[in-house]
Amino acid sequence: MKDLTKETLEEMGCYENNENSLPLHRGWSSPNAMGIHTVKESHLQYDSEVHLGNNEVTLGTSNTTPVWEFRDNEWRLTYGECGETSLIYAKYEKLPLQDFDVEVRPAVDVEQFFNQGHVFLLDDDVAEETYPSSVDLVDMLLNKIGLSTTVVEETKRILFTHDAASSRTIQATFSPKDKMNGNFAYDESWMCLVGDIPSLVQRHMAIIRFKHPMNMGTTCHDLQLFVLILCPAKEKGTKNALETGRTFATLLADHHLRRQLVEVATEQEFKQLLFNRTRELIEEQHQSRSAVSIKLDAVVEPPITNTAMSNSIWKLCQFGQGIREDLSRRLPHYVSDYVDGIIGVKTPQKVLSTTFFLYFACLLPAIAFGVLNDHNTHGKIGVKKVIVGQTIGGLFFVIFGGQPLLILLTTAPLALYIKVISSICDDFQLDFYAMYGCVGLWCAFFLLLFSLFNVSRLMRWCTRSTEEIFGLFISIAFCVDAFRDTAKHFQKNFNSPQCLGDVNMTKGLKSSLTYYILNETRTNSSTVETLISAIEEPMAIECNQASSLLFLLLMLGTVWLGVSIFNFKKTPFLSAGKQEALADYALPIAVVTMSFVGSYFFQNVKVEPFRYDDSENVFSLTPLDRLPGLAVVGAMGLGFALSLLIFMDQNISSAMVNTPLNNLKKGPAYHWDLFVMAILTAALSAVGLPWMHALVPHSPLHARALADVEERVHQGHVYQIIVRARETRLTVLFSHILIGLSILLLPYPLAYIPPAVLNGLFLYVAITGLGGNQMFERITLFFTQQSAYPPNHYIRRVPQPKIHQFTVYQLGQLVLMCLFGFVPWPYMKMIFPLILLSLLPIRHMIITRLIDGRFLTVLDSSEH
């Protein structure tokens, strides 16, 4: 490349000095798309004028008639042999100064430059004679670095053509404190050129220092420091060319450091000065942050000290203090909890959609767990009791509870406890309702003690990592339940002996028709005896493999349709308002659609409806007088273990709802909610209804369904943020009224909902509950290219090995929970609450010894 002169323009036939010619300036060309001043091409603007310097030359119009050509699949405006006109879109973007104190990468970049970087100190004569332009400077640097010819040519093509999209320049600007007028001035003493080169295999950093200022074109009239950063195109977000250039640009923004760099005599002194300044800057930023109390995270983990522990123990002894604080915090907002569900932009639409979401998200699991309890207790607790208990519990808690966004539901662990109690009653000939009620009353007693003595204050040690481990475990539990039912269905129908060739079967009860008839007439003993005597005869039962395939189709179809509609707002179809409306009704649409598909289009396929006894007595008073003394003592042990489970689940769910990310304003009510749960548990136990507690992920999903969510982009990382939260009791109130009315829909039309759709709902809740779970995101980093790592807060502030180390520790705790949560021995599962409670000391007494506290604070923060 060479400068455009009058002679060269004449050689190209582009110069003619006449009165009809257009002015053209000599010198540097206008900047390319990335801001690099080159002379490779003459880019003519709409007025045919390009500023190239101070000396004017002219472009003759007689020899340069513009011609339109269609070449390389685009239109081009050419001027003979002179060149062509191109359009350039230039963009200026403000970069934040690098945070050397918190982020780990800047210090590493400077240290790498100290060990491997290149520094060139040029005298004035050498600079002016040998490297008159930035093109020659970069050419010299590329040769000094020792890159191959192919890489050098690719680098020059990317850096010095306006078609490039991988090269950028960084410069400092100065503006007055009053920025409203938009005035600013360039710092023309230095410039940083960065580029992402696809064929490069490692980063290269080089700095040229001129002894006196050099004129390098527009905004670089007094250049003394020139920085070149080259990085591979596929590099982690915190290590790419822009981030590396931002590190050195932050250092060079200090004019005191630049003056010292200009005065050094050797390259080693130059590097040492940069290295020392980096250490000083880390300390300065740390002291400045401490002085003004900059809040890095939404929640900063409190350090565990002897004083803090003593204060916690003292607060545990303050009888009822937590309940009084909760009531003083929540009672002033009680009326607004109802009003906030009526007034406000888009509030009625949000309340309506969330009501239907909760209706299906609570009713269908209630039916599923009702079927499970009916099987485990031999019909003593069935679908009807679970739905009635869900209605009573939900309405009682939403009226008297503190945090209205919590969703109460009976769960698989509670169904397991009921199964264990039923097994104990069968083994020791005990009355089930008496034993069940006694265990529940003991549980309510311990919950009452926990609430009165402020035991929920221990949850201040429950960090985000613990909540995410528990949330991921619940998602896994939903998936395990769904696939376990699928495996049982395939074993019963697809791989049944009938399908394998054994036609004579004495277990005619497995026939779907017989199953339904027996279910409908279970209270008529004579009819049952007649049926049993009839089906004990050997009979041939047809193979029903189609029902298993339909089961799998409906289950996967439900989760696919629900998740697709839930993510519909990410597609370009329809308007934003319609996309949001569809996403709000994703679950109801999926359930109704797949139920219709299974019941209408596949009506010829025999499927088993869920078991339901219409004659079941809903309320069964607890006959405690039938229990012997030893049984009461045993019930106390079971009740204490059950109280630990409800205590942990209730408080973790409340903590996940009250996270700062949800932007709630009215405050939590941990102690009062636990007090209400104690009363509710006692009441349900007294009448033989199933227990319940706040559930993950239903509770966080409820808070998110009511909120207005927007997408934000921060340094290339796209995340969602809640801009407005709605805290109302109306959604739970309306949905549970509908659930109570659903008793009238039993057995039909609710029986038209196939069991496969219930399992599809479990998978849908499990998948949507993973949103915002950083533990799940960090697990995916094990299988993600580093260039695709999101540049979020923990990627920037924590070394990558520490991130993976912390994730491995979390996975170990998750495996421990799964080991005791999914074992096939019911009695071993009884210690699961202790395993869940052990997550707190593991996090604060073991993990803190393995990972630095400042890294744990970042990994456990509530940032996005």
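What's counted below: heavy atoms across the whole structure, side chains too, no hydrogens, waters or symmetry copies.
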Within the 3.5 Å criterion, strictly below it, is a donor on [X] or [Y] matched to an acceptor on the partner's side chain?
X: Lys236; Y: Gln800; value: yes
X: Gln272; Y: Asn276; value: yes
X: Arg258; Y: His255; value: no

>> Strictly distance-based, threshold 3.5 Å: is any side-chain N or O of Thr247 a donor or acceptor partner for the main-chain N or O of Pro106?
In response: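 Side chain of Thr247 to backbone of Pro106: no pair is present.
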>> Using a 3.5 Å distance criterion without hydrogens, assess whether the side chain of Tyr789 forms a donor-acceptor pair with backbone atoms of Leu781.
In response: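 Answer holds: yes.
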>> Nearest 0.5 angstrom please: Met648 CE to Cys462 SG, how far?
In response: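 Met648 atom CE to Cys462 atom SG measures 6.0 Å (nearest 0.5 Å).
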> Mind checking whether Phe453 and Phe319 have parallel, tilted or perpendicular rings, split at 30° and 60°?
Replying inline: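 Rings of Phe453 and Phe319: perpendicular, as their planes differ by over 60°.
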> Can you list the residues that meet the ring pair (Phe, Tyr, Trp, His ring centres under 6.0 Å) rule with Phe832, with sequence neighbours excluded?
Replying inline: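 Per chain and number, Phe832 pairs via ring pair (Phe, Tyr, Trp, His ring centres under 6.0 Å) with Phe473.
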Taking NZ, NE, NH1 and NH2 as the nitrogens, is one of them in [X] or [Y] under 4.0 Å from a carboxylate oxygen of the other?
X: Arg330; Y: Glu727; answer: yes
X: Asp99; Y: Arg796; answer: no
X: Arg209; Y: Glu267; answer: no
X: Asp196; Y: Arg203; answer: no
X: Glu284; Y: Arg279; answer: no
X: Asp109; Y: Lys239; answer: no

> Which of these passes salt bridge (charged side-chain N to carboxylate O under 4.0 Å, His left out) with Asp860: Arg854, Arg843, Arg464?
Replying inline: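 Checked Arg854, Arg843, Arg464 against Asp860; only one passes salt bridge (charged side-chain N to carboxylate O under 4.0 Å, His left out): Arg843.
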